[in-house]
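Data block below; observations after.
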Amino acid sequence: MRVIEIIQKKRDGGELTAAELAELVAGYGAGSVPDYQMAAFLMSVYFRGMTPSETAAFTMALVQSGKTLDLGAIRGVKVDKHSTGGVGDKTSLVLIPLVAASGAPVAKLSGRGLGHTGGTIDKLEAISGFRTELSSQAFIDQVNRIGCAIAGATTELVPADKKLYALRDVTATVDSTPLIAASVMSKKIAGGSDAIVLDVKTGSGAFMKTMDAARGLAQAMVQIGTQVRRKTIAVISDMNQPLGSAVGNALEVAEAIQTLRGSGPPDLRELCLALGAHMVVLAGRAQSAANGRAILEKLLDTGAARAKFAEMVAAQGGDRRVVEDPTLLPSARVRVPVESPVAGIVGSIDAQAIGIAAMALGAGRATKDDVIDPGVGVVLVRKVGDPVKQGEPLAVVHASDPGKANEAVGRVKAAYHVASWEPLRRPLILEVIA
Ligand code: URA
């Protein structure tokens, strides 16, 4: 079929075959399908959507645009985890060693942050010496040796997604559920794991602002996983305020270490246990989520998960002393409290605004070439539902200079809404789609 006929068929609401989608994506990768035709196709998908079979076929066409990681040399059921991105989301730092400590192998490929959300690779690089660029062989060997590894995804995996994402970004076609689902799942499938747990975030700091949008994305991704025989579960979690207290790379590593010690913020611990319980069930290490959770609680509370994190840090060349002494992590010179202008109860915290404040301090990137400052960020002292007196701190800004600190103080103050009544609180875990 000619490319124009494929576009026409989608434009008119027809269902494309796997062969047609494969031809389109392969042509785009090879350069024979130009950007203007692909842009027309993307806009047709934006308005017409895709059936579950089309979405799965499109995903596999993306996977076939590059190399895939063969994790067959790793013993056991390999289980991966993916978050659609949030503010203060350091769950991977806790979850990967925690699940590995249960005996389930975890080979995790992660990305860098862009915009108001952070990336696991940037966070790990706050640990002096930590290497995130591993060859496939070194990655596999490490998982076989110690049970886990976290490495940066290479450009060889799903190159068509990279090219397509850049095109979607400039053609107003990013926020299409089948396109997002195929983009995320193609990278997970190319990463080679047998099972996938997805953390789909919804709220002010998330990509999916509404519950309906999050549910639609979660269902689309689970359907893709099921169609290509990867056991997939999606957990929809709240991102109406940042997760935990710390936002910023070294600050988040320190908070993850605290959580691996069995303490840490309750919401972070809760989310790690909920996601981890599904991971150990999919890996065949527990009969039920309740049983999986009990196993993981013990691993947190006995120090076994923290020991596994230290092992991973050392295996990847990082300074393992930070696990015992997080004060060795990079820190910011200037610390300024953000004082509450009124007395009351914290009613809401605009997660996206906190993410932007941290990014402007240097914790994230506005463009992909920006350089990260690992020590800076924001620590929330009060979260939704906490009482506060006038002049008491809502948060503390960690900055490299007083000018940037002042700017961030204004942003953080504006992100907090202090009310005179108890806010409606929604649960952290909103739904599970299996
Ligand atoms: N994250 C991805 O990886 N792809 C998208 O399309 C959107 C968010």
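Read the numbers this way: they start at 1 and go in the same order the structure lists the ligands and their atoms.
Of all the atoms in ligand 1, the ones that sit under 4.0 Å from a non-hydrogen atom of Tyr165 are 4 (N), 5 (C), 6 (O), 7 (C). Annotation for ligand 1: atoms under 4.0 Å from non-hydrogen atoms of Lys187 are 2 (C), 3 (O), 4 (N).
Here Glu125 pairs with Arg112 in a salt bridge; the nearest charged N to carboxylate O distance falls below 4.0 Å. Using a cut-off of 4.0 Å between Lys/Arg side-chain N and Asp/Glu carboxylate O, Arg293 and Glu270 are scored as salt-bridged. Between Arg230 and Asp194 there is no salt bridge, since none of the side-chain N atoms of the basic residue sits less than 4.0 Å from a carboxylate O of the acidic one.
No side-chain donor from either of Ser186 and Asp161 sits under 3.5 Å from a side-chain acceptor of the other.
Geometrically, ligand 1 and Ser183 share a nitrogen or oxygen pair separated by less than 3.5 Å.
Atom 1 (N) of ligand 1 has its closest protein heavy atom at Val184 CG2, 4.0 Å.
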